[in-house]
Amino acid sequence: MCGRVTAERAGQGIRVAGWVHRRRNLGGLYFIDLRDHGGLLQVSVSPDTCPPELVELVRDLNPEDVIQVEGAVAMRPREARNPAMATGEVEVAAAKIKRITESEPLPILVYQPPEEDLPSEELRLRHRILDLRRPEMQHNLRLRHRSAQAVRRSLADEGFVEIETPLLTRQTPEGARDYLVPSRVHKGRFFALPQSPQLYKQLLMCSGFDRYFQIVKCLRDEDLRADRQPEFTQIDIEMAFVGQEDVFRVAEKMFAAVWEEGAGEDLATPFTRITHADAMEFYGSDRPDLRIPWRIADFTDLLSGRGFGILDGAVSAGGRVRGVVAKDGASLSRKRIAHYDELAREHGAKGALWMKRNPDGWSGPPARIVDDELAARLEHETGIEPGDLVWLMAGPDHLILPALGALRLASARELGAVDKSESRWAWITEFPLFLPDEETGSPVPAQHPFTMPLDPDPERLRDDPLSVKAVAYDVVCNGMEFASGSIRCHLSETQRAILSTMGLNDEEIEARFGFLLEAFRYGAPPHGGFAAGFDRMIAVMAGAESIRDVIAFPKTAAARGLMERSPSLVSADELEELGIDTSKAEADPPPAG
RNA sequence: GGGGCUGUAGCUCAGCCUGGUUAGAGUGCCGGUCUGUCACACCGGAGGUCGCGGGUUCGAAUCCCGUCAGCCCCGCCA
């Protein structure tokens with residue numbers, strides 16, 4: 001209401017209610033910026049036209065008092081109009097003001113003084129009610145609402161049915177730690193809160209609901225990050241009688257609908273498709289930021305065998321020489337290059353080699369092997385130009401590609417090579433079905449164990465499992481993973497081969513997945529789907545650094561609720577009833593602040 | 001589990017490296033002046049466990065150790 005009062009209403013009576021945002025006193029003449037969900041509206045109180053009691057009341061008002069104003073919408077004097085304000089041409093000349101509730105002095109200000117940082121995140125979370133009143137947070141959560149509506153519209157149009165699945169469930173085969181809920185009726189037994197509705201949605205496919213979706217909370221008891229909360233929201237989708245193409249079409253339509261609603265951006269569909277192997281080879285990441293035009297290239301033929309020991313040694317040991325040309329990277333200082341060398345080490349490489357193409361020649365450790373012929377080939381075959389730098393690494397691909405990917409990303413950001421004019425979306429396809437366990441080397445499923453292999457041959461699954469690709473895919477936007485999914489395996493012989501490759505015996509299989517396998521025995525339709533990270537999507541559209549800024553009541557990095565002070569101790573009686581002994585528990589932390 | 005940054009007035013910060021008057025600024029709050037402001041302006045005032053504990057020192061916001069909290073990253077986690 002407040003934000004939508006325009007000149008058309010001039011001369012009309014009006015009654016508005018809201019919070020006192022700011023108040024200005026010009027010696028009897030008062031101005032109040034009244035705020036509600038729609039914005040700000042100026043209320044004027046003049047001693048010339050208002051009774052003394054009204055002026056007296058306004059004199060007493062505090063920021064964040066809730067008031068109701070009756071008066072007339074009036075055009076402001078021409079010279080007193082404020083073009084920076086949506087309602088800056090008008091004001092309400094107050095005839096009557098009622099103070100509905102009074103605010104105590106504020107621990108943090110709702111009004112944000114320009115050129116001042118926000119209050120600390122700790123205080124914003126502790127006083128979340130006040131923080132949420134800020135227009136930015138209002139905008140974020142309303143954006144979230146509209147996006148959820150767009151998801152529901154898009155999917156309902158495609159015949160999807162929204163079905164809720166249990167919160168109190170049993171431990172599922174996913175890899176994260178579970179939040180557990182003790183059972184009072186069954187002492188010593190626990191429900192698990194779902195890490196995702198994965199199994200339930202597959203059961204629903206077997207139940208004849210051929211198109212299911214849910215905007216659903218998922219819970220994982222793992223350490224947090226700016227983009228990770230213990231409870232987060234997924235758009236969970238599953239479809240029966242479909243292949244990858246059907247899933248892609250529905251997903252692209254849904255993302256396009258959300259982006260149109262929330263970002264006002266018309267997404268180019270279908271999305272680019274990149275196989276997992278290509279993503280690793282050309283971008284050094286399974287979630288490449290395609291806004292950066294640089295690609296990793298193979299420099300083995302160009303640079304090996306020319307007497308540069310590090311390169312020659314790595315190649316004769318079976319490795320490759322790969323590199324990425326950083327446009328304008330010759331401007332990087334020694335100090336910055338040392339920083340990137342450190343970054344490469346952090347990502348598992350032995351370090352970063354580099355060469356600069358200076359206006360007057362080549363520099364950097366391998367520059368001594370660059371003769372005229374090689375210089376010409378480098379410029380011709382890799383596109384390197386004066387002013388550029390090339391990052392080089394030599395060794396086995398699984399070590400050098402992720403490190404090159406990290407250098408590509410970090411140096412592109414520093415050199416301004418990220419094209420931020422539009423978002424860049426892609427499907428990453430053909431993920432490996434298994435990955436080698438880091439310690440034992442034995443195959444562990446890269447996704448969940450019910451993923452369809454691209455090649456369903458049981459023999460290959462047993463003999464060479466690490467070579468098998470999966471019909472599994474991610475949606476990547478600007479270098480962030482937004483969604484992940486797969487076509488599920490509905491072939492019993494293939495499924496058995498996968499499970500036995502995982503090293504599970506029949507008993508373990510039955511204990512962990514019995515209820516899903518049972519469902520598969522009575523006529524399982526082919527099916528597949530995906531789950532999208534709703535919080536991350538909203539954070540990107542809102543321009544938020546952290547998903548905390550698009551969640552009404554988030555937890556801290558230590559998984560604590562500062563406002564409600566969770567988690568908390570509970571009474572001994574209650575624990576007794578649940579059969580739980582907390583003698584090893586830490587004492588309740590002191591109330592901060 | 002590991003690494004880093006931060007913690008000083010209600011709020012945002014300076015001061016800390018290089019220890020030494022009474023710990024400052026802006027804003028908010030309180031009082032006053034001001035009739036067209038919109039970061040109103042101007043004058044005055046109150047407001048401090050320098051996160052907490054210990055140590056070094058004649059002397060600690062400042063140096064050292066520990067600890068708590070918030071944030072970021074690695075590990076972990078679809």
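Owing to the predicted nature of the structure, the values given are computational and were not obtained by experimental measurement. Every chain is numbered from 1 and lettered A, B, ... according to where its sequence line falls, protein lines coming before strand lines. Values below: every heavy atom of this structure, side chains too, minus hydrogens, waters and symmetry copies.
For A:Leu26 and B:G36, the CG to P distance is 6 Å, given to the nearest whole Å. One atom, CG of A:Asn82, and another, C1' of B:G36, lie 12 Å apart when rounded to the nearest Å. To the nearest angstrom, C1' of B:G3 lies 12 Å from CD of A:Glu342. The CG-P distance, from A:Leu219 to B:C77, rounds to 17 Å in whole Å. Atom pair A:Asp286:CG and B:A78:C1' shows a separation of 11 Å (rounding to whole Å applied). Going from atom CD1 of A:Ile32 over to atom P of B:G36 covers 17 Å, rounded to whole Å. Rounded to whole angstrom, the span from the CD atom of A:Gln42 across to the C1' atom of B:G36 amounts to 8 Å. Between the P atom of B:C38 and the OH atom of A:Tyr30 lies a distance of 17 Å, rounded to the nearest Å.
Rounded to a whole angstrom, the distance from the C1' atom of B:A61 to that of B:G53 is 16 Å. Straight-line distance between the C1' atoms of B:G48 and B:G28: roughly 16 Å, to the nearest whole Å. For B:U62 and B:G7, the C1' atoms lie 15 Å apart once the distance is rounded to whole Å. If you take atom P in B:C40 and the same atom in B:C29, they sit 10 Å apart, rounded to whole Å. Taking atom P on both B:G15 and B:G55, the two are 29 Å apart, rounded to the nearest angstrom. Taking atom C1' on both B:A9 and B:C42, the two are 23 Å apart, rounded to the nearest angstrom. The separation of B:A41 from B:C68, taken at their C1' atoms, amounts to 44 Å, rounded to a whole angstrom. On the C1' atoms, B:C74 is 35 Å away from B:U56, given to the nearest whole Å.
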For nucleotides 25-33 of chain B, which of its nitrogen or oxygen atoms have a protein nitrogen or oxygen under 3.5 Å away, and what is each distance?
unit_1: B:G26; atom_1: N2; unit_2: A:Glu116; atom_2: OE1; d: 3.3

Report task. Any chance you could list the contact pattern along nucleotides 70-76 of chain B? Use B for base contacts, S for sugar-phosphate-only contacts and - for none, protein heavy atoms under 4.0 Å, 5' to 3'. Result -> SSSSBBB
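Side-chain atoms of A:Glu91 come within donor-acceptor range of the base of B:G36, with a qualifying N/O pair under 3.5 Å. Side-chain atoms of A:Glu115 stay outside donor-acceptor range of the base of B:U12, with no qualifying N/O pair under 3.5 Å.
The nucleotide B:C71 finds its pairing partner in B:G4, both defining distances of the Watson-Crick or G-U wobble pair being shorter than 3.5 Å. With a cut-off of 3.5 Å on both pairing distances, the Watson-Crick or G-U wobble partner of B:U27 is B:G10. Base pairing annotation: B:U56 forms no Watson-Crick or G-U wobble pair, as no partner gives both donor-acceptor distances under 3.5 Å. The base-pairing partner of B:C42, taking Watson-Crick or G-U wobble contacts with both distances under 3.5 Å, is B:G32. Nucleotide B:G19 forms no Watson-Crick or G-U wobble pair with any nucleotide shown, as no partner meets the under 3.5 Å limit on both distances.
Within 6.0 Å of atom CZ in A:Arg287, 12 or fewer heavy atoms from other residues, nucleotides or ligands are found, so the atom counts as exposed in its surroundings. Around atom CD of A:Gln12, more than 12 heavy atoms belonging to other residues, nucleotides or ligands sit under 6.0 Å away. Within 6.0 Å of CD in A:Glu545 there are 12 or fewer heavy atoms belonging to other residues, nucleotides or ligands.
Shown here are the ring pair (Phe, Tyr, Trp, His ring centres under 6.0 Å) partners of A:Phe213, two or more places apart in sequence or in another chain: there are none. Under the rule for a ring pair (Phe, Tyr, Trp, His ring centres under 6.0 Å), the partners of A:His276 that lie at least two apart in sequence or sit in another chain are A:Phe431. Under the rule for a ring pair (Phe, Tyr, Trp, His ring centres under 6.0 Å), the partners of A:His21 that lie at least two apart in sequence or sit in another chain are A:Tyr111.
Put simply, A:Arg24 has no side-chain N or O that comes within less than 4.0 Å of OP1 or OP2 on B:U37. Using a 4.0 Å cut-off, no side-chain N or O of A:Gln195 falls inside it from OP1 or OP2 of B:C77.
A side-chain N or O of A:Asp178 and one of A:Gln195 form a donor-acceptor pair less than 3.5 Å apart. A:His527 and A:Gln202 share a side-chain donor-acceptor pair at under 3.5 Å.
Both tests hold for A:Arg336 against A:Tyr340: distance to the six-membered ring centre under 6.0 Å, angle to the ring axis within 45°.
Using a 4.0 Å heavy-atom cutoff across all strands shown, A:Asp117 reaches sugar-phosphate atoms only and no base atom. In this structure, A:Asp221 reaches neither bases nor backbone, as no heavy-atom distance under 4.0 Å exists between it and the strands shown. Across all strands shown, A:Glu481 has heavy atoms under 4.0 Å from base atoms, whether or not it also approaches the sugar-phosphate. Residue A:Leu118 is classed as a sugar-phosphate contact, given heavy-atom separations below 4.0 Å to backbone atoms only.
For the atom pair NE2 of A:His347 and CG of A:Leu401, the computed distance is 13.0 Å after rounding to the nearest 0.5 Å.
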Query raised in the report: Run the side chain to side chain donor-acceptor pair (under 3.5 Å) check on A:Thr101 and A:Arg99 step by step: do they pass?
Result: CA-CA 6 Å; A:Thr101 54; A:Arg99 173 143 65 170; over 6 Å; no
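Both A:Ser484 and A:Arg81 sit near RNA chain B, but only A:Arg81 has its closest nucleotide nearer the 5' end.
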Give the table of side-chain donor-acceptor pairs shorter than 3.5 Å for residues 38-59 of chain A, with sequence neighbours excluded, one pair per line with atom names and distance.
unit_1: A:Gln42; atom_1: OE1; unit_2: A:Arg24; atom_2: NH2; d: 3.1
unit_1: A:Gln42; atom_1: NE2; unit_2: A:Glu91; atom_2: OE1; d: 3.0
unit_1: A:Ser46; atom_1: OG; unit_2: A:Asp48; atom_2: N; d: 3.1

